[in-house]
Amino acid sequence: MSEHRDDRQTAGGYKQITSLANPLVKDLRALAMKKTRDERQLFVGEGLKLVTDALEEDWPIDMICFAAAARGQDRVMQAAAKVKARGGFVAEMTEAVLAKITRRDNPQMVVGVFKQKLTPLAKVALKENDVWVALEGIKDPGNLGTVVRTVDSVGAKGVILVGETCDPYSPEGVRATMGSLFHVPLVKCSVDEFLAFAAASPARLIGTHLKATHDYRTLASSEPTILLMGNEQAGLPDRLAEACDIRAKIPMAGRADSLNLAIATGIMLYELRRNVLTV
Ligand code: SAM
């Protein structure tokens with residue numbers, strides 16, 4: 001996007017963008033599409049909290065945009081100065097421009113553009129008390145973002161996306177993480193790679209399955225654990241379910257067929273982390 005950054009007016013060390021026709025607006029809007037995100041290896045995150053979370057983790061930031069109305073606000077200007085010091089681009093925008101970029105009527109005052117950053121599977125090593133969540137074929141970005149946030153909340157170590165999954169960098173998914181995306185390592189791998197990794201890992205592999213007979217309320221342990229969750233439609237494929245050391249179920253009493261994937265992951269994580277979490 002750098003070719004669209006040089007012709008802007010400069011004020012106070014940053015660029016001001018007031019026209020909806022500015023080519024940078026089109027560039028940033030295009031990041032709502034997965035194809036563009038993949039090509040540029042970038043994604044958009046909305047809100048000062050997200051930007052602050054990213055800065056705390058030294059996450060590579062491409063640019064920060066802030067609303068003209070936020071000019072002079074200490075935390076916004078500090079964030080902008082940090083982005084600039086790290087080589088990022090800083091732009092002040094009208095609310096209309098921010099709304100167009102984020103495709104929202106009431107845009108956040110601050111929007112960041114971040115580099116995508118996945119962790120290689122080979123870097124994942126589990127030790128005592130470590131829990132990783134593996135999500136097979138997850139399709140709903142809101143569920144994925146909620147799982148990432150919950151993984152962060154319970155102090156689990158990271159999330160492995162197995163097989164064909166939704167994009168963790170979609171605006172909806174990023175929003176649902178509430179900033180935890182910057183604190184929780186994400187790994188992507190195929191089903192075969194995951195099975196080889198799980199077989200070689202000292203961690204127990206716990207799968208969740210509606211046909212399981214093992215009650216999830218017996219699973220808290222300091223053993224390193226990979227929690228494997230099935231996708232929203234079909235649940236865990238047989239091949240993955242059969243590879244698990246334990247298949248567990250959360251009992252249900254009403255007429256619902258199953259729990260929402262993110263809710264089930266939360267319940268499982270609170271059981272697995274029972275012995276280490278204190279109020
Ligand atoms: N029709 C799917 C099936 O038969 O598995 C439902 C999938 S459910 C919406 C998505 C995932 O959430 C499941 O694959 C499982 O990992 C988890 N899940 C949902 N309810 C569960 C329960 N009661 N016990 C264990 N896992 C559950």
Side-chain angles (χ1 to χ4, degrees), residues 119 121 124-140 142-163 165 168 173 176-181 183-187 189 194-195 197-199 201-279:
T119 299
L121 185 59
V124 179
L126 288 92
K127 38 185 205 329
E128 199 176 320
N129 277 321
D130 283 358
V131 176
W132 276 74
V133 173
L135 300 169
E136 182 274 324
I138 182 167
K139 291 291 177 291
D140 182 323
N143 276 342
L144 175 48
T146 304
V147 169
V148 169
R149 182 179 176 183
T150 311
V151 162
D152 188 16
S153 303
V154 301
K157 293 293 172 186
V159 174
I160 305 174
L161 301 171
V162 183
T165 66
T177 71
M178 294 294 286
S180 291
L181 175 66
H183 308 303
V184 173
L186 287 184
V187 174
C189 66
F194 175 74
L195 286 171
F197 162 78
S201 167
R204 57 185 181 156
L205 179 59
I206 299 181
T208 48
H209 205 287
L210 295 174
K211 291 196 186 129
T213 50
H214 194 119
D215 190 317
Y216 86 104
R217 288 167 292 192
T218 57
L219 295 173
S221 154
S222 60
E223 270 184 86
T225 301
I226 303 164
L227 169 65
L228 176 59
M229 306 298 297
N231 79 28
E232 293 93 340
Q233 287 87 34
L236 268 189
D238 291 346
R239 188 167 164 233
L240 280 167
E242 283 158 15
C244 294
D245 301 306
I246 300 169
R247 282 169 292 277
K249 180 169 181 180
I250 305 163
M252 298 186 298
R255 300 193 51 190
D257 290 339
S258 62
L259 292 157
N260 161 273
L261 168 58
I263 298 278
T265 309
I267 293 171
M268 291 299 297
L269 281 173
Y270 270 90
E271 171 60 19
L272 293 171
R273 301 280 295 157
R274 173 190 296 278
N275 297 337
V276 285
L277 291 173
T278 49
V279 176

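Since the structure is predicted, the reported quantities are computational estimates derived from the model, not experimental observations.
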ask   = Can K127 and D130 be counted as an ion pair, charged N to O under 4.0 angstrom?
value = yes
inquiry  = Looking at every non-hydrogen atom in both residues, tell me the closest pair between V162 and A134 and how far apart they are.
reply    = CG2-CB, 4.1 Å
task = Could you pull out all residues at least two apart from K211 that satisfy salt bridge (Lys or Arg N to Asp or Glu O under 4.0 Å)?
result = none
ask   = For the residue pair P168 and L186, what are the closest heavy atoms and their distance?
value = CB-CD1, 3.5 Å
ask   = Quick check: does any side chain N or O of S153 sit under 3.5 Å from a backbone N or O of V151, one acting as donor and the other as acceptor?
value = no
ask   = With sequence neighbours left out, what residues match E271 under salt bridge (Lys or Arg N to Asp or Glu O under 4.0 Å)?
value = R274
task = Taking the side chain as every heavy atom from C-beta outward, state whether T165 and L144 have any pair of such atoms under 4.5 Å apart.
result = no
ask   = Of all residues at least two apart in sequence or in a different chain, which pass the salt bridge (Lys or Arg N to Asp or Glu O under 4.0 Å) check with D140?
value = none
key: Between CG on residue L227 and CZ on residue R204, distance to nearest 0.5 Å   = 9.5 Å
Acceptor/donor pairs from residues 259-269 side chains to any protein atom, 3.5 angstrom cut, sequence neighbours excluded:
{"residue": "N260", "atom": "OD1", "partner": "A262", "partner atom": "N", "Å": "2.8"}
{"residue": "N260", "atom": "OD1", "partner": "I263", "partner atom": "N", "Å": "2.9"}
{"residue": "N260", "atom": "ND2", "partner": "N143", "partner atom": "OD1", "Å": "3.1"}
{"residue": "T265", "atom": "OG1", "partner": "L261", "partner atom": "O", "Å": "2.7"}

Worked verdict on L121 versus F194 for side-chain contact (heavy atoms from CB on, under 4.5 Å) = CA-CA 8 Å; L121 185 59; F194 175 74; 5.6 Å; no
inquiry  = So, taking the atom named CE in M229 and the one named CD in E136, what distance separates them when rounded to the nearest 0.5 Å?
reply    = 11.5 Å
I206 CD1 to H214 NE2 distance, which is reported to the nearest 0.5 Å = 7.5 Å
ask   = Under 3.5 Å, side chain of E223 to main-chain N/O of N129, donor-acceptor pair present?
value = no
Shortest non-hydrogen contact between P224 and P202, atoms and distance = CG-O, 4.3 Å
ask   = Just by distance, do the side chain of K249 and the backbone of L210 share a donor-acceptor pair under 3.5 Å?
value = yes
query = Under the side-chain contact (heavy atoms from CB on, under 4.5 Å) criterion, do I160 and C189 qualify, and how do the steps go?
reply = CA-CA 7 Å; I160 305 174; C189 66; 3.7 Å; yes
ask   = Rounded to the nearest 0.5 Å, how far apart are CG of L272 and OG of S221?
value = 8.5 Å
remark   = Minimal heavy-atom distance between G158 and V184, with the atoms involved, is CA-CG1, 3.8 Å
query = Taking it one step at a time, do W132 and V159 satisfy side-chain contact (heavy atoms from CB on, under 4.5 Å)?
reply = CA-CA 6 Å; W132 276 74; V159 174; 5.7 Å; no
task = Measure the spacing between OG of S258 and NE2 of H209 and express it to the nearest 0.5 Å.
result = 11.5 Å
inquiry  = Is it true that R149 and T177 share a donor-acceptor pair across their side chains at a distance under 3.5 Å?
reply    = no
message = Measuring from atom OG of S201 to atom CD1 of I226, what distance do you get when rounded to the nearest 0.5 angstrom?
response = 4.5 Å
Could you pull out every donor-acceptor pair under 3.5 Å between side chains of residues 234-246 and any protein atom, sequence neighbours left out?
{"residue": "R239", "atom": "NH1", "partner": "D192", "partner atom": "OD1", "Å": "3.2"}
{"residue": "R239", "atom": "NH2", "partner": "D192", "partner atom": "OD1", "Å": "2.3"}
{"residue": "D245", "atom": "OD2", "partner": "L205", "partner atom": "N", "Å": "2.7"}

request  = Take V131 and R273 through the side-chain contact (heavy atoms from CB on, under 4.5 Å) test and state the conclusion after the steps.
outcome  = CA-CA 8 Å; V131 176; R273 301 280 295 157; 3.8 Å; yes
Results of side chain to side chain contact (heavy atoms under 4.5 Å, CB included) for P251 - residues two or more places apart only = D215, Y216, R217
request  = Please report the shortest heavy-atom distance between H183 and P185, naming the atom on each side.
outcome  = O-CD, 3.7 Å
